[in-house]
Amino acid sequence: MTKKGIDVSHHNGTIDWGKVKAAGVQFAILRCGFGRKSPTQIDTQFERNYRECKRVGIPVGVYHYSYAATVEDAKLEADFMLELISGKQFEYPVVFDIEDKTQAHLGKNLLTEITAAFCDKVEKAGYYTAIYSNPDWLINRLDRDKLSRFDLWLAEWRTAKTYTGTHGIWQYTDEGAVNGIVGDVDMDIAYKDYPAIIKKAGLNGYAAKAETYKVTAEIGGIPSAKAGTIKSACEQMGMSVVQKKE
């Protein structure tokens, strides 16, 4: 089942998230910042947008807009993002937005290395990481084979996609209209149940859910003593156990 979403930054002004929720928006991806660490490069609406989405019950993801020109720049940008999102929970991906014209001349190898460096660092910090870009960059400027383990948020503003690569989210217009937001807003479709995937894996600030196993004594040829040993082993691995006779 697809989900209808939006992505926003301070450019969208002060949003009435209650109206956005009532309009049927099912998720939002929020910009937290851009470039390397600086107080002036924190999105001024990020904290409010995050707080309001949580208050009204809109699941959220987050993205960082990149200006990185070197691998070291990318690592510093990742550190900046991780600082901004620390202590928060996201039901949708944590995204590296690479598309700026100042990076276009860097060449496919370096741009791929930049992207991998950022995403590797964020992924290792415990986040479900994705890349945002458009078909030109995805085909001509990034080596998707080397980045295939990261999910993709596709930006292609048209009624029908031409990009055929695998992707989990499609940003299909930058001229959407949603009650509660003044002016145009980016509109998105998600094709995966990201909240379920992320929560089950214990990513994005969520703790992994312990799986429950039934340990049945004296059923199916398992003696009570053996069942007790299995129960103890499960509990040592952090699994919750229900002991049941049928």
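All residue numbers in this chain count up from 1 along the given sequence. Note that the structure is predicted; figures quoted are calculated from it, not measured.
Taking a cutoff of 4.0 Å between a charged side-chain nitrogen and a carboxylate oxygen, Lys108 and Glu113 do not qualify as a salt bridge. Comment: Glu72 does not engage Arg36 in a salt bridge, judged by the lack of any side-chain N to carboxylate O separation of less than 4.0 angstrom. Taking the charged nitrogens against the carboxylate oxygens, Lys3 and Asp188 have no contact shorter than 4.0 Å, which rules out a salt bridge.
If you check the side chains of Gln171 and Asp7, you find a donor sitting under 3.5 Å from an acceptor. In the model, Asp100 has a side-chain atom that pairs as donor or acceptor with a side-chain atom of Tyr65 under 3.5 Å. Using modelled atom types, one finds no donor on one side chain facing an acceptor on the other under 3.5 Å when comparing Glu156 with Trp170.
A donor-acceptor pair is defined here as one N or O able to donate and one able to accept, closer than 3.5 Å; such a pair exists between the side chain of Asn204 and the backbone of Tyr92. A distance-only check finds no donor-acceptor pair linking the side chain of Arg141 to the backbone of Asp136 [under 3.5 Å]. A donor-acceptor contact shorter than 3.5 Å is absent between the side chain of Lys4 and the backbone of Phe27. Asp73 places a side-chain N or O within donor-acceptor distance of the main-chain N or O of Ala69, the cut-off being under 3.5 Å. With Glu175 contributing its side chain and Asp184 its backbone, the two residues share no donor-acceptor pair below 3.5 Å.
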- Message: Show, in sequence, the C-alpha distance, side-chain angles and deciding distance for Leu30 and Val8, and conclude whether the side-chain contact (heavy atoms from CB on, under 4.5 Å) test is met.
- Response: CA-CA 5 Å; Leu30 318 174; Val8 299; 3.7 Å; yes
- Task: Report the C-alpha separation of Ile131 and Asp151 in whole Å, then their side-chain angles, then the decisive distance to 0.1 Å, and conclude whether the side-chain contact (heavy atoms from CB on, under 4.5 Å) test is met.
- Result: CA-CA 6 Å; Ile131 300 162; Asp151 208 336; over 6 Å; no
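Between atom CD1 of residue Ile197 and atom CG of residue Leu203 there is a gap of 10.5 Å, rounded to the nearest 0.5 Å. Interatomic distance, NZ of Lys101 versus NE2 of His105, reported as 13.0 Å (0.5 Å rounding). Between the OG1 atom in Thr2 and the OH atom in Tyr191 there is a gap of 7.5 Å [rounded to 0.5 Å]. Note: Cys32 SG to Asn49 CG = 11.5 Å, rounded to the nearest 0.5 Å. Distance CG/Leu111 to CH2/Trp137: 5.0 Å, rounded to 0.5 Å. The distance from the OG1 atom of Thr129 to the NZ atom of Lys124 is 11.5 Å, given to the nearest 0.5 Å.
Closest approach of Pro135 to Ala155, counting heavy atoms only: CD-O, 3.2 Å. Scanning both residues, Lys121 and Leu82, for their nearest heavy atoms gives O-CD1, 4.2 Å. Considering every non-hydrogen atom in both Ala28 and Cys53, the closest pair reads CB-SG, 4.2 Å. Here the shortest heavy-atom pairing between Gln89 and Gly205 reads NE2-O, 3.0 Å. Residues Cys119 and Ala130 come closest through the heavy atom pair SG-O, 4.3 Å. Closest heavy-atom contact between Met187 and Gly176: CG-CA, 3.6 Å.
With hydrophobic clusters built from ILVMFWY side chains whose heavy atoms lie under 4.5 angstrom apart, Tyr67 does not share a cluster with Leu110. Using a 4.5 Å cut-off between side-chain heavy atoms of Ile, Leu, Val, Met, Phe, Trp and Tyr, with links allowed through other members, Leu154 and Val185 fall into the same hydrophobic cluster. Linking ILVMFWY residues whenever their side-chain heavy atoms come closer than 4.5 Å, directly or via other members, leaves Val182 and Ile15 in distinct clusters. In this structure, Val62 is a member of the same hydrophobic cluster as Val25, with clusters built from ILVMFWY side-chain heavy atoms closer than 4.5 Å. Hydrophobic cluster membership is shared by Phe118 and Phe150, with clusters built from Ile, Leu, Val, Met, Phe, Trp and Tyr side chains linked at under 4.5 angstrom.
The local environment of NZ in Lys192 is crowded, with over 12 non-hydrogen atoms from other residues, nucleotides or ligands closer than 6.0 Å.
Phe46 has its side chain out of reach of Arg31: every pair of non-hydrogen atoms, C-beta onward, lies at least 4.5 Å apart. Residues His64 and Glu77 have side chains in contact (heavy-atom distance under 4.5 Å, counting atoms from C-beta outward). By the 4.5 Å heavy-atom criterion applied to side chains, Ile58 and Gln26 are not counted as neighbours. Side-chain contact between Leu152 and Tyr132 is absent, with no heavy atoms from C-beta onward closer than 4.5 Å. For the pair Asn109/Asp143, no side-chain contact is recorded, criterion being any heavy-atom separation below 4.5 Å from C-beta on. Between Asp186 and Thr173 the shortest side-chain heavy-atom distance does not fall below 4.5 Å. By the 4.5 Å heavy-atom criterion applied to side chains, Ser9 and Gln45 are not counted as neighbours. The side-chain heavy atoms of Ile85 and Tyr127, taken from C-beta on, include a pair separated by under 4.5 Å.
Judged by the 6.0 Å and 45° rule, Lys88 forms a cation-pi pair with Tyr50.
Using cut-offs of 30° and 60° on the angle between ring planes, the pair Trp153 and Tyr63 is perpendicular. Between Tyr194 and Tyr128, the angle of the ring planes goes over 60°, which puts this pair in the perpendicular group of the 30/60° scheme.
Residues satisfying the side chain to side chain donor-acceptor pair (under 3.5 Å) criterion with Lys37, sequence neighbours excluded, are Glu83.
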